[in-house]
2 protein chains.
Amino acid sequence: MTSDTERLLDATGWQILVALQSDARISYSELGQHVGLIAPAVRERIRKFEEAGIITGYHATVNRRLVGLPVSAIIRMGLHASESSAATIAALDSIEEVLECARVMGTDTLILKVGATSIEHLEKLIDRLLVYGPLTSAMVLSTPIERRNVTQAITMQAQTEA
Amino acid sequence: MTSDTERLLDATGWQILVALQSDARISYSELGQHVGLIAPAVRERIRKFEEAGIITGYHATVNRRLVGLPVSAIIRMGLHASESSAATIAALDSIEEVLECARVMGTDTLILKVGATSIEHLEKLIDRLLVYGPLTSAMVLSTPIERRNVTQAITMQAQTEA
DNA sequence: CCTGAAAAAAACGGTTT
DNA sequence: AAACCGTTTTTTTCAGG
């Protein structure tokens with residue numbers, strides 16, 4: 001955390017950040033009432049968060065099951081000797097079923113989260129991915145923790161432990 | 001996809017859904033101009049999406065590195081014979097560093113995404129998680145695909161393939 | 001799904017500390 | 001530099017068709 005950003009992240013700043021993680025469509029006025037500021041002040045704080053790159057976007061979350069993607073899987077993959085990491089990532093970027101992709105250090109090289117309409121669809125997707133490297137697939141049964149807010153507490157906990 | 005939801009998911013409905021995934025704070029008026037509807041009509045469409053559970057929320061995304069959580073890891077875990085899945089999930093739910101958790105079918109039982117302030121913090125977190133079962137950890141080096149919109153195309157592709 | 005009016009919120013500029 | 005205040009403009013909301 002640079003000194004530039006920590007100036008923005010006082011108690012009020014964190015309150016705003018947490019509120020927007022919980023409900024990105026809250027109005028500046030209502031948010032202001034929660035944190036004890038007037039709407040334009042809230043607006044200005046948020047603008048600075050965006051400018052600093054602290055807030056990278058606002059996104060609606062959709063229930064994939066209800067829109068036709070009931071199947072999810074987490075796929076770990078290595079890379080064939082012939083496949084460069086950059087080329088593989090570029091290829092994955094063009095596969096819409098790949099919802100997330102992390103480059104990791106460990107047994108595997110990439111870990112993907114994918115969505116599919118059916119088991120058959122998933123099978124075909126796996127075939128397409130096998131081109132780039134060996135896979136280890138795990139079907140998602142449920143998602144007990146879908147998304148957790150980043151709070152000031154997490155970052156403070158480390159300091160008290162240190 | 002039930003018949004109840006697919007009535008909402010015509011071409012316009014999908015346009016709205018994709019737009020809100022890209023920018024959850026877009027105004028109804030602006031969204032209406034993109035999809036060829038007037039603001040109240042857009043508002044009503046969105047209300048139905050929320051009512052049907054298709055849109056589950058609107059969330060700001062924060063750059064974890066800039067707010068003090070530069071370290072991320074994906075941790076796969078089994079469960080000790082003595083630990084029930086429900087109890088473990090409840091315990092994980094109280095650990096703020098656990099940002100996501102999926103129950104999976106495969107070699108492992110749970111797959112977590114965690115955030116930490118430092119390597120030391122991550123090490124202590126792993127110690128706390130080890131209580132519940134054996135772990136396999138992979139440090140995240142980068143996230144080439146952070147989040148991809150769910151589009152109509154994905155759900156259609158399967159139909160054309162079938 | 002559109003129309004039109006009322007209410008609310010956002011955006012803008014100027015002022016204070 | 002940051003928050004407040006008041007005004008203008010835009011957006012949202014709600015009635016009815």
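Below, chains carry the letters A, B, ... as their sequence lines are ordered, and counting in each starts from 1. Here the structure is a predicted model, which is why all the values come from computation and not from measurement.
Rounded to a whole Å, the OH atom of B:Tyr28 is 10 Å from the C1' atom of D:dT13. For the pair A:Ile46 CD1 and C:dA11 C1', the interatomic distance rounds to 14 Å; values are reported in whole Å. The distance from atom CZ of A:Arg7 to atom C1' of D:dA1 is 9 Å, rounded to the nearest whole Å. Atoms CD1 (B:Ile26) and P (C:dA9) sit 20 Å apart, rounded to a whole Å. Between the CD atom of B:Gln33 and the C1' atom of D:dT10 there is a distance of 12 Å, given to the nearest Å. At whole-Å resolution of the value, CG in A:Leu37 and C1' in D:dC5 are 14 Å apart.
Residue B:Asn63 is tested with A:Ile55, A:Ile54, A:Thr56 for a side-chain contact (heavy atoms from CB on, under 4.5 Å); the sole match is A:Thr56.
Within the 4.0 Å cut-off from OP1 or OP2 of C:dA10, at least one side-chain nitrogen or oxygen of A:Ser29 is found. OP1 or OP2 of D:dA2 lies within a sub-4.0 Å distance of a side-chain N or O belonging to A:Lys48.
Looking only at side-chain heavy atoms (C-beta outward), B:Val71 and B:His121 stay at 4.5 Å or farther from each other. Using a 4.5 Å cut-off on side-chain heavy atoms (C-beta onward), B:Ile95 and B:Leu129 make contact.
Mapping B:Asp10 and B:Arg25 onto DNA chain C by nearest heavy atom places B:Asp10 at the nucleotide closer to the 5' end. The nearest heavy atom of DNA chain D to B:Glu30 and to A:Ile38 marks one nucleotide each, and the one closer to the 5' end goes with A:Ile38.
Using a 4.0 Å cut-off between charged side-chain N and carboxylate O, A:Lys48 and A:Glu51 make no salt bridge. A salt bridge links A:Lys113 with B:Glu100: at least one charged nitrogen is closer than 4.0 Å to a carboxylate oxygen.
Closest to the B:Ala41 side chain, of the nucleotides D:dT12, C:dC1, D:dC4, is C:dC1. For B:Pro40, taking side-chain heavy atoms from C-beta onward, the closest of the listed nucleotides C:dA10, C:dT3, D:dA3 is C:dT3. For B:Arg43, taking side-chain heavy atoms from C-beta onward, the closest of the listed nucleotides D:dC4, D:dT13, C:dC1 is D:dT13. Comparing C:dC2, D:dA3, D:dG6 against the side chain of A:Arg45 picks out D:dA3 as the nearest.
If you check every strand for non-hydrogen atoms under 4.0 Å, B:Arg47 touches nothing.
One end of the helix from C:dC1-D:dG17 to C:dT17-D:dA1 points its axis 40° away from the other end's axis, with each axis taken from 5 pairs and the angle rounded to 10°.
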Before you tell me yes or no, could you show the steps for B:Arg47 and B:Glu44 under salt bridge (charged side-chain N to carboxylate O under 4.0 Å, His left out), namely the whole-Å CA-CA distance, both residues' side-chain angles and the distance that decides it to 0.1 Å? CA-CA 5 Å; B:Arg47 199 194 59 73; B:Glu44 182 60 13; 3.0 Å; yes

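B:Arg147 and B:Thr61 are not linked by any side-chain donor-acceptor pair at a separation below 3.5 angstrom, with hydrogens and angles left out of the test.
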